[in-house]
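Here's the structure we're looking at; comments come further down.
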Amino acid sequence: MELFYVPLLSLFVLFISLSFHFLFYKSKPSSSGGFPLPPGKTGWPIIGESYEFLSTGWKGYPEKFIFDRMTKYSSNVFKTSIFGEPAAVFCGAACNKFLFSNENKLVQAWWPDSVNKVFPSSTQTSSKEEAIKMRKMLPNFFKPEALQRYIGLMDQIAANHFESGWENKNEVVVFPLAKSYTFWIACKVFVSVEEPAQVAELLEPFSAIASGIISVPIDLPGTPFNSAIKSSKIVRKKLVGIIKQRKIDLGEGKASATQDILSHMLLTSDESGKFMGEGDIADKILGLLIGGHDTASSARTFVVKFLAELPQIYEGVYQEQMEIVKSKKAGELLKWEDIQKMKYSWNVACEVLRLAPPLQGAFREALSDFTYNGFSIPKGWKLYWSANSTHRNSEVFPDPLKFDPSRFDGAGPPPFSFVPFGGGPRMCPGKEYARLEILVFMHHVVKRFKWEKVIPDEKIVVNPMPIPANGLPVRLFPHKA
Ligand code: HEM
């Protein structure tokens, strides 16, 4: 499962599949090397503390699980048992630094086995070492230099999206629209697919994969899990078809080397001169589609939510974006220089990501026994780093629940204390891409509308990404021309 980023939705899947873990439950955790295990309790047999871990998110307070235990044990590392696995939760910047700096040394990424069933191909197309090497290339395709050329494309798609989905409507529901915006941009920027029929051909199986990941992992005909497995094969086959055609088009000069991420992937070799195979590229693109879908859509939905609630913040973003609008000729597309001017808007987006991080955290697995802060961590334990609790540390972020974009002025928060995109070698490769997508979206939405929430106290459900329970319906007030 090396190549794929899989949202924490899959952890829910694992919870459902606990019964399978029953059979294989490992021996009880024990201390090693003379150091004690971290404080904490492992909860009910097998189920451990999974229910408490998940249910605080369902109620909209995922950080509560962690803060309650940090206070109870007076420790920033505590033991628990989640999803049938002995685990330690690592809280705060110092812990994040330790885990992120020890990637592939003391720890490695860990995702549930069920995910491999949906995406088995990466393990078949390349060896583990090759897969790691290929993954190292991923950030190259998403560096600011590489992405600059796609800003105009994003701007164009955003304009079409707002014309068809938002204009001339009194009310819209933001989350589904944010998802469709994400998918259209990804199709265009990743593989130059923009014909509505072609996008729809990919969207249908893609949606089945997205919902199959959060379903009960029972692989029987008709189950969402089964449909996700089938759909991942369909999407992969379609992607391989697009890749083969692109190779021909590049050879015949009908496609350009810089038109999208796919051309870039096909024409970039690793340090030993090796190019990625078709299967690897298809895997990567599918992984990127999944990795960037709900995360960025959740982030944009919360931008809209906070701007509805905070008129002064809205005003600041509006003024900044209108300066950019005024500086452009009619029909001129956004450029890299315009994005660089969106400083306040990005501070606002960062504050949104601090208070509502799309990924609450992620798991690692201990590769060997080690000690941290005087506690023994046995080989095989799962280790969880948490964005949410890190972001609400009042020592780093005074009055942590206050929405204050000025926290990101200048150098911003100290290293490892603001981690919506993770850190270390596994830091989100889509970070810069997500930044562009979010800023282009903010540009379009504020230059067109003001809005208010239809449901003032709409509940937030974190399962595992934060999403307003009704998808965030808003009433639109277009600016007068
Ligand atoms: C606001 C939007 C996003 C957030 C908050 C986010 C967050 C994250 C985080 C926290 C991780 C690291 C997980 C870990 O430590 O194991 C990650 C990994 C990843 N993200 Fe994102 N992400 C976002 C958007 C995107 C986008 C747009 C893409 C694709 C273009 C993407 C692709 C990936 C991939 C492929 C990985 C896995 C990297 C690996 O396994 O080494 N993400 N993301």
Side-chain angles (χ1 to χ4, degrees), residues 1-11 90 95-96 99-104 107-112 115 119 122 131-143 146-147 150 154 178-179 181-183 185-191 260-262 264-265 283-303 346 349-365 382-388 390-391 416 418-442 464-466:
M1 206 36 264
E2 191 52 51
L3 292 176
F4 289 102
Y5 152 78
V6 179
L8 286 185
L9 296 171
S10 43
L11 297 175
F90 276 53
C95 287
N96 296 340
L99 288 183
F100 296 156
S101 332
N102 279 299
E103 191 75 56
N104 298 328
V107 301
Q108 67 179 9
W110 176 76
W111 296 108
V115 171
F119 301 113
S122 60
I132 291 173
K133 217 158 74 181
M134 294 298 175
R135 188 172 49 72
K136 279 195 194 145
M137 289 169 70
L138 210 45
N140 290 330
F141 308 116
F142 289 92
K143 282 200 273 224
L147 290 174
Y150 307 127
M154 288 187 180
K179 286 207 281 190
Y181 169 88
T182 309
F183 196 72
I185 292 199
C187 283
K188 176 71 184 170
V189 173
F190 294 177
V191 288
D260 56 17
I261 304 276
L262 171 56
H264 196 173
M265 283 183 173
D283 286 345
K284 278 213 171 55
I285 290 177
L286 182 52
L288 291 169
L289 284 170
I290 297 276
H293 195 250
D294 282 5
T295 45
S297 307
S298 163
R300 271 192 298 278
T301 303
F302 275 84
V303 166
W346 183 239
C350 285
E351 188 63 344
V352 170
L353 292 171
R354 182 183 74 81
L355 284 167
L359 274 193
Q360 306 306 301
F363 281 89
R364 299 290 185 269
E365 182 177 38
K382 307 302 176 269
L383 312 165
Y384 183 72
W385 66 265
S386 147
N388 216 323
T390 305
H391 292 174
F416 303 102
F418 176 62
V419 286
F421 296 100
R426 292 203 91 95
M427 183 194 254
C428 176
K431 176 177 180 268
E432 273 305 311
Y433 175 92
R435 183 172 89 95
L436 296 180
E437 233 187 354
I438 291 170
L439 288 173
V440 171
F441 175 86
M442 287 172 84
M465 286 191 209

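One-based numbering, in listed order, for ligands and for the atoms of each.
Contact of the H264 side chain with the F142 side chain is not registered, since no non-hydrogen atoms from C-beta on lie closer than 4.5 Å. Contact of the F418 side chain with the L353 side chain is registered, since non-hydrogen atoms from C-beta on lie closer than 4.5 Å. For the pair F190/D260, no side-chain contact is recorded, criterion being any heavy-atom separation below 4.5 Å from C-beta on.
Although no hydrogens or angles enter the test, the distance criterion places a donor-acceptor pair under 3.5 Å between the side chain of S298 and the main chain of P466. Judged purely by atom type and a 3.5 angstrom limit, R354 uses its side chain to pair as donor or acceptor with the backbone of H391.
For K179, the salt bridge (Lys or Arg N to Asp or Glu O under 4.0 Å) test picks out no residue, with sequence neighbours left out. Under the rule for a salt bridge (Lys or Arg N to Asp or Glu O under 4.0 Å), the partners of E437 that lie at least two apart in sequence or sit in another chain are R300.
Contact annotation: for A362 versus ligand 1, heavy atoms closer than 4.0 Å belong to the side chain alone. Neither the backbone nor the side chain of F100 has any atom closer than 4.0 Å to an atom of ligand 1 (non-hydrogen atoms only). By the criterion of a heavy-atom distance under 4.0 Å, the side chain of L359, and not its backbone, is placed next to ligand 1. Using a 4.0 Å cut-off between heavy atoms, Y433 contacts ligand 1 through its side chain alone, with no backbone atom that close.
Tested against F421, the residues P358, P429, C428 include a single side chain to side chain contact (heavy atoms under 4.5 Å, CB included) partner, C428.
Closest heavy-atom approach to atom 8 (C) of ligand 1 within the set S298, G422, G423, C428: this belongs to C428. With atom 40 (O) of ligand 1 as the reference point, the heavy atom nearest to it among R426, E437, H293 is part of R426. Selection from P420, A349, A299, P358 by nearest heavy atom to atom 7 (C) of ligand 1 gives P420. Comparing heavy-atom distances from atom 14 (C) of ligand 1 across R435, Q108, Q360, R364 singles out R364 as nearest.
Ligand 1 has at least one atom lying under 4.0 Å from a heavy atom of F190. For the pair A109 and ligand 1, no heavy-atom separation below 4.0 Å is found. Residue-ligand proximity: W385 is placed with a non-hydrogen atom under 4.0 Å from ligand 1.
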